[in-house]
Undergrad: 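Take a look at the following structure, please.
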Amino acid sequence: MTHLELAADHGHRVAKERLDASPLAIRGLTVSYGEKPAVFSVDATIEDGSMTAIIGPNGAGKSTLLKAALGVIKPLSGTVTVHGKPLESARGRIAYVPQRASIDWDFPARVIDVVLMGLYRELGMIARVTGAHRRKALDCLERVGMGDFAHRQIGQLSGGQQQRVFLARALAQDADLYLLDEPFAGVDAATEKAIIDVLKALKAQGRTVVAVHHDLATITDYFDHVFLINVRKVAEGPVATTFTAETLQKAYGGRLATAQIEDLELGAG
C-alpha cells in the first residue's frame, strides 16, 4: 500500500474506533414532518462519560433529534448506534426522561409505581414486584429528594416534583446513557439544583448524560460538551472550544443579540 493508502486506512480505523466507543453515534439522520425536514442529515458523536447539552433556537429540531435517536420517531434516513451496536439491541443501556408537558399527569398512579416502571426489564412479563424492587425504587426517590412522596398520586405533585419522579424512574433503570428532553423546563430553582446534582453524580460514576437544554446562561456551569443544531448540525465538542460567539451566531443568527452572545462567550472563557 502507498503512504496515502496507509494513512487513509489508519484514518478509517480511528474513525470506526471512535464510533464504537461512543455511547451514542448518529449518522445521516433526517426527519421530516411533511415536506420540510425538521432535522437534516445530522451526524453526532457523543463522548463517553460526558454531559452534553443539545442547544439551538426554537424549531431547530432539538427534541426531534433526541426522539429519533431513541426510535420514538421514525427517521427518513440515518443510523444510530449505542457503543457500536444497533439501537434495537442496546435499548437496555438507555434511560429516557421525556418533556414533562408530554405526559398525561391524570393517569392514576402512585409515585412509587411510576418509579417501578423503570424496572420493567427486571420485572419481566410476570411483573412480580418484590421487596428488593420496592427498596430500589425508594432509594431512587431518595436520591432526587422525593422519598416522602412515594405513596402520593403523581397528579397531585407540583411540576418540579413530577420531574424529579421521572428522573427517579430513569435512575431505576441503572443505564449507561441518560437522555433528557428539557429536564429544567418549568421547574423551580430547588428542583433544578436537585436535578443537576443527580446528573453530575451520574457523570462522576462514568455514565453519559445528553440533555436538550434552552438556558444558554447555565451551559458552562452544567455541561462539559455541547451540540449546536439548527435543522442541520452547526457544531459539537467541548464547551470551552465550541460554545463560542461564532457557533452561537451560526446557530441562532439574529435571534440572539450581539451583546448576549458576547456575555455568554465571556462566561465560557
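When a residue number appears, it is its place in the shown sequence, counting from 1. Quick note: numbers below take in every heavy atom, side chains included, and nothing from hydrogens, waters or symmetry partners.
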Undergrad: Return yes if some donor-acceptor pair links the side-chain N/O of Thr191 with the main-chain N/O of Val187 below 3.5 Å, else return no.
TA: no
Undergrad: According to a 4.5 Å side-chain heavy-atom criterion applied to Ile, Leu, Val, Met, Phe, Trp and Tyr, with indirect links allowed, do Ile229 and Val231 form part of one hydrophobic cluster?
TA: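 Hydrophobic grouping puts Ile229 apart from Val231.
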Undergrad: Leu76 and Ile73: same hydrophobic cluster, using ILVMFWY side-chain contacts below 4.5 Å?
TA: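 No, Leu76 does not connect to Ile73 through the hydrophobic network.
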Undergrad: Taking C-beta and beyond as the side chain, do Tyr178 and Lys203 meet within less than 4.5 Å on heavy atoms?
TA: no
Undergrad: What I'd like to find out is whether the side chain of Arg110 reaches to under 4.5 Å of the side chain of Gln153, using heavy atoms alone.
TA: yes
Undergrad: Can you find a heavy atom in the side chain of Leu199 that is under 4.5 Å from one in the side chain of Met51?
TA: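 They are in contact (side-chain heavy atoms under 4.5 Å apart), so the answer is yes.
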Undergrad: What I'd like to find out is whether the side chain of Thr45 reaches to under 4.5 Å of the side chain of Arg27, using heavy atoms alone.
TA: yes
Undergrad: Going by the side chain to side chain contact (heavy atoms under 4.5 Å, CB included) test, name the single residue among Leu177, Leu180, Leu66 that passes it with Tyr96.
TA: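 Going through the options one by one, the only one that passes is Leu66.
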Undergrad: Is Gln173 reaching over with its side chain to a backbone N or O of Gly118, donor-acceptor style, under 3.5 angstrom?
TA: no
Undergrad: For Arg169, which residues count as a side-chain hydrogen bond (donor to acceptor under 3.5 Å, both in side chains) partner, sequence neighbours excluded?
TA: none
Undergrad: Taking side-chain contact (heavy atoms from CB on, under 4.5 Å) as the test, write out the residues that go with Ser63, two or more places apart.
TA: Gln99, Asp181, Val212
Undergrad: Would you confirm whether Thr30, through its side chain, and Ser41, through its main-chain N or O, come within 3.5 Å as a donor-acceptor pair?
TA: yes
Undergrad: Would you say Thr242's side chain and Val239's backbone share a donor-acceptor pair under 3.5 angstrom?
TA: no
Undergrad: I'd like to check the side-chain hydrogen bond (donor to acceptor under 3.5 Å, both in side chains) partners of Arg232; sequence neighbours left out, ordered by chain and number.
TA: none
Undergrad: For Arg134, check side-chain hydrogen bond (donor to acceptor under 3.5 Å, both in side chains) against everything at least two apart and list the hits.
TA: none
Undergrad: Salt bridge check: are Lys200 and Asp221 linked by an N-O gap of less than 4.0 Å?
TA: no
Undergrad: Tell me, please, which residues at least two apart from Asp43 pass side-chain hydrogen bond (donor to acceptor under 3.5 Å, both in side chains).
TA: none
Undergrad: Pick from Asp176, Leu24, Leu70: which one makes a side chain to side chain contact (heavy atoms under 4.5 Å, CB included) with Ile94?
TA: Leu70
Undergrad: Does a side-chain N-to-carboxylate-O contact under 4.0 Å join Asp139 and Lys136?
TA: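 Not counted as a salt bridge, because no side-chain N and carboxylate O are separated by less than 4.0 Å.
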Undergrad: Check whether any side-chain heavy atom of Arg152 lies under 4.5 Å from a side-chain heavy atom of Leu157, and answer yes or no.
TA: yes
Undergrad: Scan side-chain atoms only and decide if Glu182 and His214 contain a donor-acceptor pair under the 3.5 Å cut-off.
TA: yes
Undergrad: Would you find a donor on one side and an acceptor on the other, under 3.5 Å apart, between the side chain of Lys67 and the backbone of Lys74?
TA: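 No: the side chain of Lys67 does not pair with the backbone of Lys74.
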Undergrad: Look at the aromatic rings of Phe184 and His213 and report parallel, tilted or perpendicular, splitting at 30° and 60°.
TA: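 Ring orientation, 0 to 90° scale: perpendicular.
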Undergrad: Hey, could you give me each pair passing side chain to side chain donor-acceptor pair (under 3.5 Å) that has a residue in residues 31-40? Not counting sequence neighbours.
TA: Tyr33-Thr64
Undergrad: Could you grab the distance from atom CG of Asp113 to atom CG of Leu116, nearest 0.5 Å is fine?
TA: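 Spacing of CG (Asp113) from CG (Leu116) equals 6.0 Å.
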Undergrad: Can you confirm whether Ile195 sits close enough to Gln163 that some side-chain heavy atom of one is under 4.5 Å from a side-chain heavy atom of the other?
TA: yes
Undergrad: Find out whether Glu47 and Ser22 are in side-chain contact, i.e. whether some heavy atom of one side chain is under 4.5 Å from a heavy atom of the other.
TA: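 Counting from C-beta outward, Glu47 and Ser22 never come under 4.5 Å.
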Undergrad: Would you say that Ile26 contacts Leu65 through its side chain, given a criterion of any heavy-atom pair below 4.5 Å between the two side chains?
TA: yes
Undergrad: Tell me whether Phe40 is reachable from Leu29 by hopping between hydrophobic residues (I, L, V, M, F, W, Y) whose side-chain heavy atoms are closer than 4.5 Å.
TA: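 No, because Leu29 and Phe40 fall into different hydrophobic clusters, even though each may have its own neighbours under 4.5 Å.
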Undergrad: Given Asp188 and Lys193, is the salt bridge (charged side-chain N to carboxylate O under 4.0 Å, His left out) satisfied, shown in steps?
TA: CA-CA 9 Å; Asp188 56 275; Lys193 183 181 185 307; over 6 Å; no
Undergrad: Decide ring pair (Phe, Tyr, Trp, His ring centres under 6.0 Å) for Phe243 and Phe223; before the verdict, give the C-alpha distance in whole Å, the side-chain angles of both, and the deciding distance to 0.1 Å.
TA: CA-CA 11 Å; Phe243 188 63; Phe223 300 93; 9.9 Å; no
Undergrad: Do side-chain atoms of Arg93 reach the backbone of Ala175 as a donor and acceptor pair under 3.5 angstrom?
TA: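 A pair under 3.5 Å: no.
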